[in-house]
Amino acid sequence: MSATQSTPSPKCSSVYGPVKSWRFGNSLGIDPIGVVSTCSFNCVYCQLGKIQTHTSQRQIFVPTSQIIEDLQALTLDEQVDVVTLSGSGEPTLALNLGEILAIAKQLTKRPTVVLTNATLLRNTQVRHALKSADIVAAKLDAISSNQLQRVNQPVATINLPHILAGIEQFRGEYPGTLAIQTMVLSPWTTEMIEIYIQLIQRLQPNEIQLNVPTRPRTLVRQLEARGNDATGLISEAMHQLKCISAEIITTLANTINCATNIPVRYAPMN
C-alpha cells in the first residue's frame, strides 16, 4: 500500500475524554488512528494490548472532516487544559496530522499535545507537521538495541540510532516544548542510568517524564483503553503489570535531574 492510499476506519468518535493526565492535566483526546490499533511499536506494556496493525507506513486513517464533525459536536468543558493526539496507536502515522493539529487549535482554543514514539521523526513531513504542536512528548524507553527489541518490539525497519537521530534533528527545529517520556519497568543499573543521562544530554529536551505501568494492559482490543482509563473494561481481559517502588522512581528522577539540570517529573504512585 502506498503512502497516499488510505483505509478509513469504521465510524466511531475520534474524540474521547477528557482524561485525567498527571503530565498535562485534563486532556481531551483526539484519535487520528481509529478502531484498528496501528503502531510502529508493539510495546510489552501498551494499554491497547497487542497492536493489530504493526507498521511504519503512513496513511489517512480518520478523515479530517470526521474529526471536525466530532469536535464541532462537542460542548467543550471549561476544565479541559489541553488537546492531546494519541489514541489507538502512533499519531504520526496519520498523513493528515498537520491538518488535525491546526483544526484542534482552531476549534478548541487549547494548547495541543502529541504523544509520539519518535520512530518517524526522521521524516521531514512529520517534523514539519509536529512544529505546530505546543508540546511534543517523544518516547525513549530503551538505551540499547536489545532493550528496544524487548520492550518496544518495533517494526523491522526501525532501530535505536535512527530514533535518536530523529529526536535530535527534531529538537534542533522545534520551537515548542519537547518532553522525553520514558517507561521504567524495573530498577536500572548504574551503567543504564549513566547511558540514559548521556542520551538526555545529547537530546536536550525541556523536561523528562518517567512513567511506570500503573494502568493494566488489556489482553483483548477494547476501544475504551485509548483513554488511559480501565474503568468499565472487562477485568478478565486485563493484565496488571508489576510496578517498581516509589522510592526507586524518586531516586532515579533525582539522579537524572542532578546530572542534567533538566526538570524530571514522574508518575504518582497509587
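All heavy atoms count here, side chains included; hydrogens, waters and symmetry mates do not. Everything numeric in this text was worked out from a predicted model, so none of it was measured.
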S37 side-chain N/O to I51 backbone N/O, donor-acceptor pair under 3.5 Å:
no
Considering only heavy atoms from C-beta outward, does the side chain of V126 approach that of L121 to under 4.5 Å?
yes
Do E90 and T116 have a side chain donor and acceptor closer than 3.5 Å?
yes
Only one of T119, T55, N117 clears side chain to side chain contact (heavy atoms under 4.5 Å, CB included) with C39; which?
N117
Are any non-hydrogen side-chain atoms of N152 and K139 less than 4.5 angstrom apart?
yes
What I'd like to find out is whether the side chain of L148 reaches to under 4.5 Å of the side chain of P154, using heavy atoms alone.
yes
Side-chain donor-acceptor pair under 3.5 Å between Q57 and Q59, yes or no?
no
Within a strict 4.5 Å, meaning less than it, do heavy atoms of the V83 and L101 side chains meet?
no
When you look at R171 and N206, which way does the side chain to side chain contact (heavy atoms under 4.5 Å, CB included) test go after all the steps?
CA-CA 10 Å; R171 170 71 287 179; N206 297 99; 2.9 Å; yes
Less than 4.5 Å apart, side chain to side chain, heavy atoms only: is that true for E99 and I67?
no
Looking only at side-chain N and O atoms, does Y45 offer a donor or acceptor that is under 3.5 Å from a partner on N211?
no
For Q147, does the CD atom sit with more than 12 other heavy atoms under 6.0 Å from it, leaving out its own atoms?
yes
Within the distance-only criterion (no hydrogens, no angle test), does the side chain of D81 pair as donor or acceptor with the backbone N or O of G25 below 3.5 angstrom?
no
